[in-house]
Each structure stands twice: as structure tokens, then as C-alpha cells.
Amino acid sequence: MPELPEVETIKRQLQRELPGLRIKRCKVTLPRLVTYPSARTYCRKIAGRRIEKVGRRGKYLIFELDDELDLIIHLGMTGSLSLVESAETYPRHTHIVFDLSDGRELIYVDPRTFGETALLIHGDYSPRRGLASMGPEPLAADFTREGLAARLGGTALIKAALLDQRRIAGIGNIYADEILHRARINPCRRLNELTPDDIKRLHHSIQEVLREAINGRGSTISDYVDLEGEKGGFQNLLKVYRRSGEECQTCGESIRMVRVAGRSSHYCPSCQK
DNA sequence: ATAGGCCTGACG
DNA sequence: CGTCAGGCCTAT
């Protein structure tokens, strides 16, 4: 699914197109994707609202509407958004359509339906626990090395900790593996074993990998496309993710895949200790 | 900490 | 047919 770089790419495109437009009407054909309030209330309250700004928090898109409402969308594993001219036929797995005041439609497509959307009071994310308990934004100016160290308490495996959205926002399986490779840290290391120098490299790596991935407009492994339907450009620059058996570009050792925290984890056994 | 569940589709 | 997949929640 879209991780922080992919969601950021879509957010930038939405922010270019949507502010100032109104949502005339919203149609939901798979109500369970609306997790708060009911799909019925969600649509009723959205109708007529003006989109003021599009933001992002972790892997969530946040559409700030007038009347102090925040429309949030999480793309799950296979969700995508696209802006289309008024259409009479929609792609397979279209579940939500927002009619916009300029005649276009914003459509939400999601084959695996792991995504979700909700309508919250601006700034009050308590109805969605995942959003309310989200850790700091890793690309924010105040995300310091000391701040990171403070988030990495306990004895969890570092790989699991990077995937834990309560510790740090926005990192998923692809970028967790890429970050650990750049930081030369083995995914099975435990937090309490990390040295100050490990944390320093980890902090740099988190920011560098995510920034580079955003510059590359994200990674397309299979499904991901941006608002324009374009695939990402960063998948070719991945060093370890889904490259088991290939030679490590740093040392030539064969990239290995293991299962950590229930997720496939790709790493170089020679570079990452 | 781990497994299972939610879904569909691609691939072997 | 079985296995796997970029996420996240719940229960054990």
C-alpha cells in the first residue's frame, strides 16, 4: 500500500487541484469503508462543503472542509484516488464518488477494501484511534535525533518499532527495510541494544529515504498509482525491498529475506549488523 | 510477541 | 489448488 511517500505525492496533487471546490454530493457503494459516522450521515454532512486544504498525517489524507470538518481517507493496501471528468462508467472496485463543483469527480477505488474514510470534527481525531495516537511526522522540522531516541524505548524488534505508527508516523514495510539497510541495522536488533550511533544513523536514514522516495514520487510494486494514474519512480532505486537473492549494491553479499514481526524483511546480512 | 482476520488478484 | 501482497485491528 501507499506509505508516507506515496500518500505525500497524492496529497500534493490533490492540494493543487481541490482547494476552493465544493463537494456537491458523495455516493458510497461500500458503506463499511466509512468508519465514522455512519455512511449515511457522512454523505449528508459532506454535501455542499467546501474543500479548503488537503493535508497528510502519517498515511492518512486529510481534507479540511468548511464548517470545521475534516474528511480523512486511508488508502489501506490497494486504495487509489483519481480525478475524472464526469463519467457514466467507473473503474472496477470504485466504492466512493465525490461530485465536485467544477463538474469533475473524485473517485475512490480499492480492490482489497482495506482502506477507510471518516468525517471528523477538525482537530478531534478521537473517533479514529489510529489517527489519534499517531506518532510524530518524521519529516517535520522538530523530528530530532533526541526525539527519535525517546520514541524507541522498550525491547521490541527495531523492524516492528519502525512499522508501529504510534512510535513514528508513515513508515511501512518497504521503507522500513530501506531505512534499516541505509542505517546498516539488522531488522532483528532490539531497541535496547541500539547505540547512540545507531540512533544517529537511523535518524538520518529515515529522513533521507523518505525524502528521496517523495522526490521519486513513491514506489510502485504492483498497484500504486498517483492521482494522475502514474506509477511511482522510486521502485527502481530500492536497495533491498523484494531483492532477495540479488547482490547488495554496497558489498556484493546476497540480499536475504526473513520473516520479522509477521512481515517479510529484506536485508543484507553483511552490511546490517 | 504472534496469529488471525479483513478482501481481491496475481502468480506458481 | 496454495501462497503471497505496500495495513491495521483484535484476541490470545
Side-chain angles (χ1 to χ4, degrees), chain A residues 1-11 29-36 56-61 72-81 91-96 108-118 125-135 153-181 187-193 209-210 213-214 216-226 230-245 257-266:
Chain A
M1 98 107 228
E3 304 181 27
L4 186 153
E6 291 77 29
V7 179
E8 178 65 20
T9 300
I10 295 169
K11 179 222 114 179
T29 47
L30 188 57
R32 69 177 162 74
L33 293 180
V34 182
T35 56
Y36 187 90
R56 178 191 60 73
R57 182 80 175 87
K59 302 173 194 174
Y60 286 86
L61 289 165
I72 65 152
I73 296 181
H74 191 297
L75 300 171
M77 205 81 114
T78 53
S80 64
L81 287 167
R92 193 162 150 77
H93 305 299
T94 297
H95 305 306
I96 305 175
Y108 179 73
V109 177
D110 188 357
R112 285 178 73 184
T113 69
F114 285 1
E116 71 156 316
T117 180
Y125 298 146
S126 57
R128 302 309 307 145
R129 218 180 42 198
L131 190 54
S133 61
M134 180 96 49
T155 59
L157 302 174
I158 180 61
K159 171 67 185 268
L162 287 180
L163 293 175
D164 184 346
Q165 304 298 298
R166 294 167 303 183
R167 292 184 187 264
I168 310 165
I171 298 171
N173 209 31
I174 298 175
Y175 298 109
D177 283 2
E178 294 298 311
I179 287 163
L180 289 172
H181 181 257
C188 295
R189 287 275 293 289
R190 290 192 180 273
L191 295 180
N192 54 322
E193 302 166 347
V209 167
L210 295 177
I214 291 169
R217 301 170 1 269
S219 304
T220 298
I221 302 303
S222 54
D223 302 281
Y224 168 72
V225 289
D226 67 17
E230 295 285 325
K231 290 175 190 277
F234 196 69
Q235 59 278 2
N236 306 319
L237 299 175
L238 298 173
K239 307 289 189 200
V240 288
Y241 185 76
R242 289 230 183 163
R243 294 199 184 280
S244 33
M257 204 254 283
V258 292
R259 203 122 195 122
V260 182
R263 312 292 298 278
S264 62
S265 301
H266 314 73

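Both backbone and side-chain heavy atoms feed into the values below; hydrogens, waters and symmetry mates do not.
Between the A/R243 side chain and the A/L238 main chain, a donor and an acceptor come within less than 3.5 Å of each other.
As a whole-Å value, the separation of A/Y224 OH from C/dG7 P is 14 Å. Rounded to an integer number of Å, the gap from NZ of A/K59 to C1' of C/dG7 is 6 Å. Counting to the nearest Å, the P atom of C/dA5 and the CZ atom of A/R112 are 10 Å from each other. Rounded to whole angstrom, the span from the CD atom of A/E116 across to the P atom of C/dC9 amounts to 8 Å. Between the CG atom of A/L61 and the P atom of C/dG7 there is a distance of 15 Å, rounded to whole Å. Atom CZ in A/R167 sits roughly 16 Å away from atom C1' in C/dC8 (whole-Å rounding). Taking atom CD1 of A/I73 as the reference point, atom P of C/dG7 lies 18 Å away to the nearest angstrom.
In this structure, A/K11 pairs ionically with A/E8, as a charged nitrogen and a carboxylate oxygen lie closer than 4.0 Å. Look at A/K159 and A/D177 and you find a salt bridge, because one of the NZ, NE, NH1 or NH2 atoms lies within 4.0 Å of a carboxylate O, short of that distance.
Nearest nucleotide to the A/Q165 side chain, out of C/dC8, C/dC9, C/dG7: C/dC8.
Heavy atoms of A/Y175 sit nowhere under 4.0 angstrom from any nucleic acid atom. A/A156 comes within 4.0 angstrom of sugar-phosphate atoms only, judged by non-hydrogen atoms across all strands, and of no base. Nucleic acid contact for A/D223: base, since at least one base atom lies under 4.0 Å from a heavy atom of the residue. Residue A/S219 is classed as a base contact, given a heavy-atom separation below 4.0 Å to a base. Heavy atoms of A/R128 sit nowhere under 4.0 angstrom from any nucleic acid atom. Within the 4.0 angstrom heavy-atom criterion, only backbone atoms of the sugar-phosphate kind lie near A/G76; the bases stay farther away.
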task: Return one dot-bracket line describing DNA chain C 5' to 3' (Watson-Crick or G-U wobble pairs, both distances under 3.5 Å; ( ) same strand, [ ] crossing, | another strand, . none).
output: |||||.||||||
task: Verify side-chain contact (heavy atoms from CB on, under 4.5 Å) between A/S80 and A/D223, making sure each step is shown before the conclusion.
output: CA-CA 9 Å; A/S80 64; A/D223 302 281; over 6 Å; no
Working for side-chain hydrogen bond (donor to acceptor under 3.5 Å, both in side chains), residues A/Y241 and A/S219: CA-CA 11 Å; A/Y241 185 76; A/S219 304; over 6 Å; no
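For DNA chain B, the contact window with chain A, defined by any atom under 4.0 Å from a protein heavy atom, covers B/dA1 to B/dG9 in 5' to 3' order.
One C1' atom belongs to B/dA1, the other to C/dA5, and the distance between them is 22 Å to the nearest Å. Across the C1' atoms, B/dC6 and C/dC1 are found 22 Å apart, a figure rounded to whole Å.
Between A/H74 and A/Y60, the ring planes lie perpendicular to each other; the angle is over 60°, past the 30° to 60° tilted range. Classified by interplanar angle (parallel below 30°, tilted 30° to 60°, perpendicular above 60°), the ring pair A/H95/A/Y108 is tilted.
Both A/I221 and A/R129 lie near DNA chain C, and the one whose nearest nucleotide falls closer to the 5' end is A/I221.
A/R259 and A/S264 are not linked by any side-chain donor-acceptor pair at a separation below 3.5 angstrom, with hydrogens and angles left out of the test. Side chains of A/R32 and A/T113: a donor on one and an acceptor on the other come within 3.5 Å. No donor-acceptor contact under 3.5 angstrom links the side chains of A/S133 and A/Y125, judged on distance only.
Contact annotation: A/R259 side-chain N/O to C/dC4 OP1/OP2 distance is not under 4.0 Å.
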